[in-house]
Every structure is written in structure tokens, then in C-alpha cells.
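Read the structure below first, then the notes.
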Amino acid sequence: MTPDPRWSDLRTRLWSAAVLVAIGVAAVWIGGPVFVAVVCVSCGIMIWEAAQLHDVRYPVALAGLATGVLAGSTVVPPAYAGAAVVALGLVAAGQARRDPVLCFMIVCWIAIGAFSMLVMRTGVGMLWILWLICVVIASDVAGYFAGRRMGGPKFWPAVSPKKTWSGTIAGWLAAALVGALFVAPLSWNWTLVPVSVVVGFAGQMGDIAQSALKRRMGVKDSSSLIPGHGGVFDRFDAMLGASAAALVFKIAGLLPGLSG
């Protein structure tokens, strides 16, 4: 029997995902400098990948600068951290030989998403960052399987031709289920369910935005660092979008400021 091409990469994706989840959960559980280091290094790698796409002159140096900027953002007031992110984006744009304005936007997005992860862990709490991770994973997995199995009309074919409405809606339902399951452990209320859906949708839009970037640049993946997934940016684009949305909810007072 000829293998179904829809699932040809499933085993590789599952193994790679299992390793990533193990590293992520361990970092979240340990917290402190370990979590900060994992997020900062991941941010640096993603900015290196983005720099490659935009033909930045010194991509490794930019990645190192990004890692340092993000680490420094944990010990300065938020206003200074925001200024540092903008400055990082301007440095990247100034070195980019391809689409410098888009390069500025992408670098700032990566840095803001990573910063949001740090804030969620240190300023909101471990259970809340686990909620965020579960929302993103559940939405991604449900969308992947529903989209491959059910197919149907495309969600936004001009930007991301593989994303279907069936996968998108399955992702929303999975995010809502995660929200419902976390209401009791977090001692929160049922507003967490719609918040989870919006955060999950922000993750999906992060994925779509990154897909649009790759189409614009004419590449399949941001790099080949992760078997079955492409690059670190390919794997964490949804987390960047979701964590930024969660930070907005926190600022708006819809997520409590629990201690770590």
C-alpha cells in the first residue's frame, strides 16, 4: 500500500516535537536563569534565521546582540526594554540588504514575543506559562490533524495556501478546551475560555504571518535546524503571536499578576 503523502513527515515531526516539548517543560519547571537562558538563546537563533532571510550583513553578530538585549530586558524597566527592542530592529534594518522595513518588523516581533514569554513566567507564574504552552500546542496539533484529515476551504489562500477553515476552527475548539481545563488549577473564572481562544487564534496568525514571510522570500523553511519542522522560527512563530497576545491580556487586567 502506498503511504499517504499527507502523513509522510508525521513521525519525524512527532520526534522533534517531543524533544522540544521536553526541553520547554523542563525550562519552565526549573524557571529562573535556566528559563531566561533558553528563551534568550531561542530568540537569538530566530533572529539569526530572520537575518538570513533578509540578507543581513552580520547575522551571527545580530543574533548575539539580540540574545544580550533580551537578557538585559529582564533587569531594566519595561520602557527601557521597549526602547532596546526598537533599537535592535533598527540595527537589523540598517544591515539588511533585502526588505529592511520588513526586517525591522520581523525582528521586533520576535523580540517582543520572546520578552512576553519572560514576563509571563516571571511576572504571572509557572501555571500560567504552562497554560499558554498548552493552548499553542493543542491549537497547533488540532489544526494540523483536522486540516490534513478534513481539508476543505482555505482560510487565507493568498497568504497561507495550506491553512484550512477546518484546521483553524479545530484549533479554536482545542484552545477553548485547554482554557476550560485550566480554570480550576489556576483558580480563575470562565473568561479564561474565550481568552484562550483569542490567544490560540493569535498563535495561528503568527504562523500565518511567518508563512507569508517565507512566501515573500521564496523559501520553504526559515532554516533546517529542526528535523521535520524547519527552523526554530518555523516552530515557535505561533508561540510568539500567542505570548504577545497573552501579555496584552495581562496588561489589560484579564490575567492576574501572580508570583512565579
Side-chain angles (χ1 to χ4, degrees), residues 17-18 20-36 38-40 42-43 70 73-75 77-79 81-82 109-146 167-209 235-260:
L20 292 174
V21 168
I23 294 173
V25 170
V28 169
W29 181 264
I30 297 169
V34 172
F35 181 75
V36 172
V38 169
V39 173
C40 290
S42 298
C43 176
L70 189 60
S73 72
T74 63
V75 295
W109 170 38
I110 293 172
I112 290 171
F115 176 72
S116 301
M117 288 287 291
L118 295 178
V119 172
M120 287 293 294
R121 175 63 181 92
T122 60
V124 181
M126 185 179 70
L127 279 178
W128 282 95
I129 196 71
L130 287 176
W131 158 78
L132 177 63
I133 293 171
C134 288
V135 165
V136 173
I137 292 176
S139 179
D140 185 50
V141 170
Y144 175 82
F145 282 102
T168 301
I169 294 173
W172 296 346
L173 294 174
L177 177 60
V178 170
L181 293 174
F182 270 82
V183 167
L186 291 170
S187 300
W188 199 233
N189 57 52
W190 289 99
T191 59
L192 187 62
V193 173
V195 166
S196 298
V197 174
V198 174
V199 168
F201 181 56
Q204 292 173 332
M205 293 306 294
D207 186 22
I208 288 174
R235 184 61 274 161
F236 289 99
D237 49 9
M239 184 62 72
L240 294 172
S243 61
L247 182 61
V248 171
F249 278 118
K250 173 174 164 45
I251 294 172
L254 294 176
L255 296 179
L258 301 177
S259 61

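Remember, it's a predicted structure, so these values are computed and weren't measured experimentally.
- At least one side-chain heavy atom of Trp131 sits less than 4.5 Å from a side-chain heavy atom of Leu192.
- Val195 is not listed as a side-chain neighbour of Trp190, based on a closest heavy-atom distance of 4.5 Å or more.
- For Gln204 (side chain) and Ala238 (main-chain N/O), no donor-acceptor pair under 3.5 Å exists by modelled atom type.
- In terms of the side-chain contact (heavy atoms from CB on, under 4.5 Å) criterion, residue partners of Ala202 (sequence neighbours excluded) are, by chain and number, Ala245.
- Within the 4.5 Å cutoff, side-chain heavy atoms of Leu70 are placed close to those of Val39.
- Within the 4.5 Å cutoff, the side chain of Met205 has heavy atoms near those of the Ile208 side chain.
- Side-chain atoms of Ser243 do not come within 3.5 Å of backbone N or O of Ser116 as any donor-acceptor pair.
- Across every non-hydrogen atom of Ala81 and Ser73, the tightest pair is CB-CB, 3.7 Å.
- Counting only heavy atoms from C-beta outward, the side chains of Leu177 and Leu173 never approach each other to under 4.5 Å.
- Summarising the geometry of Ala114 relative to Leu240, their closest heavy-atom pair is N-CD2, 3.8 Å, with the distance given to 0.1 Å.
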Problem - Trace of the side chain to side chain contact (heavy atoms under 4.5 Å, CB included) decision for Val136 with Phe236 - result: CA-CA 9 Å; Val136 173; Phe236 289 99; over 6 Å; no

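- Using a cutoff of 4.0 Å between basic side-chain nitrogens and carboxylate oxygens, Asp140 and Arg235 are scored as salt-bridged.
- For the pair Ile133/Met239, a side-chain contact is recorded, criterion being any heavy-atom separation below 4.5 Å from C-beta on.
- Between Arg121 and Trp128, the closest side-chain pair of non-hydrogen atoms is not below 4.5 Å.
- In this structure, the side chains of Val135 and Phe182 stay at 4.5 Å or more apart for every pair of heavy atoms.
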Practice task
Start with the C-alpha gap between Val198 and Phe249, add the side-chain angles, then the distance that decides, and say whether side chain to side chain contact (heavy atoms under 4.5 Å, CB included) holds.
Solution key: CA-CA 10 Å; Val198 174; Phe249 278 118; 3.7 Å; yes

